[in-house]
Amino acid sequence: MIKSVCVYGGSNSNSSAKYSDEAFRLGVKLAQLGITVYYGGGAVGVMGSLADGVMSVGGTIKGVIPQFMVDRGWAYDKVDHIVVEDMHIRKKTMLDLADVAIALPGSNGTFEEVLEAITWRQLGLFDGKVVIYNSYGYYDNLINMFKKATEEGFMNVGVDFFTVANNLDELEGFIQHL
């Protein structure tokens, strides 16, 4: 059983509430499973909802956040934080602390984080698993791009660089089998 995850996701308060609701439920589930959650440290959007879900049932969540974000007031004041120098150290720290990396819906920052986690897994720099949480089909196009890259010989066929979970039940089943 895994002990910790890092979760990537959007931090924009304008995103659809269905993704925030799903993130809250994921936070509750991870906490109920006794898994420590590391995330970007923010209070809004999908990330804030994840944190709220974890905390609603007494789980453990820690924000990994660069000093400049703290200085701008972006750190969630209800969460303990690991403050780091910059974004590069943030991403490395999150993966160093996690058994599994999970990508919730988000934007360019989330895309960059999950792609780096997949790349690190491919290069043997991250031994954990990477899960693309394809909530409401959000990542369908990215998954198709990976299929295209595999068909065209840019990715190795049959190599487990990431797993796709389309709903909370699939994600929970995956986590419980590690």
Side-chain angles (χ1 to χ4, degrees), residues 4-33 35-95 97-98 100-118 130-145 162-172 175:
S4 62
V5 298
C6 72
V7 180
Y8 310 123
S11 59
N12 190 320
S13 60
N14 295 326
S15 60
S16 175
K18 67 184 179 185
Y19 298 115
S20 291
D21 293 345
E22 192 77 4
F24 184 92
R25 287 191 294 276
L26 174 61
V28 168
K29 181 53 66 180
L30 292 170
Q32 289 172 337
L33 292 171
I35 297 170
T36 298
V37 178
Y38 296 95
Y39 85 120
V44 298
V46 169
M47 289 290 86
S49 295
L50 172 80
D52 289 339
V54 172
M55 293 184 293
S56 74
V57 293
T60 302
I61 187 162
K62 296 193 182 289
V64 181
I65 190 165
Q67 183 63 53
F68 82 90
M69 289 183 171
V70 173
D71 295 344
R72 293 179 183 177
W74 296 349
Y76 196 175
D77 60 356
K78 295 180 182 177
V79 173
D80 290 331
H81 290 89
I82 301 168
V83 180
V84 296
E85 184 178 337
D86 59 35
M87 294 296 285
H88 297 289
I89 295 171
R90 174 197 206 182
K91 292 183 293 181
K92 182 176 182 340
T93 300
M94 288 176 72
L95 285 177
L97 293 168
V100 174
I102 300 171
L104 295 175
S107 185
N108 53 311
T110 304
F111 304 154
E112 188 265 338
E113 289 167 327
V114 70
L115 289 172
E116 184 165 32
I118 291 168
V130 178
V131 179
I132 296 174
Y133 190 11
N134 193 29
S135 177
Y136 298 98
Y138 185 81
Y139 283 111
D140 284 349
N141 289 332
L142 179 64
I143 294 162
N144 285 333
M145 187 68 230
F162 63 90
T163 299
V164 175
N166 293 299
N167 56 56
L168 192 54
D169 289 338
E170 286 181 12
L171 182 57
E172 181 181 2
I175 287 171

Worksheet item: Going from CZ on R25 to OG on S49, what distance comes out if it is rounded to the nearest 0.5 angstrom?
Response: 10.5 Å

Practice prompt. Apply side-chain contact (heavy atoms from CB on, under 4.5 Å) to the pair Y76 and D52, showing each step before the final yes or no.
Written response: CA-CA 10 Å; Y76 196 175; D52 289 339; 2.4 Å; yes

Worksheet item: Is a side-chain donor or acceptor of H81 paired with a backbone partner of K62 at a separation under 3.5 angstrom?
Response: no

Worksheet item: Side chain of Y19, backbone of G10: donor and acceptor closer than 3.5 Å?
Response: no

Worksheet item: So, Q67 and D71: side-chain donor and acceptor under 3.5 Å apart, yes or no?
Response: yes

Practice prompt. Examine distances only and state if a side-chain atom of R90 and a backbone atom of G40 form a donor-acceptor pair shorter than 3.5 Å.
Written response: yes

Fill in: Minimum heavy-atom distance V54-A31, with the two atoms named
O-CB, 3.8 Å

Worksheet, complete the sentence: Output for pair (Y8 OH, M47 CE), nearest 0.5 Å, gives 10.5 Å

Worksheet item: Is K91 paired with E116 through a side-chain N to carboxylate O contact shorter than 4.0 Å?
Response: yes

Item to complete: With the side chain counted from C-beta on, respond yes when Y38 and T93 share a heavy-atom pair under 4.5 Å apart, and no when they do not.
Response: no

Worksheet item: Does a donor on one side chain and an acceptor on the other come within less than 3.5 Å for E170 and Y133?
Response: no

Practice prompt. Look only at the side chain of T36 and the backbone of T60, and say whether a donor-acceptor pair between them is shorter than 3.5 Å.
Written response: no

Worksheet item: So does N108 have more than 12 non-hydrogen atoms from other groups sitting under 6.0 Å from CG?
Response: no

Discussion item. Is any side-chain heavy atom of N134 closer than 4.5 Å to one of I143?
Written reply: yes

Worksheet item: So, do T163 and V130 sit near enough that their side-chain heavy atoms are less than 4.5 Å apart?
Response: no

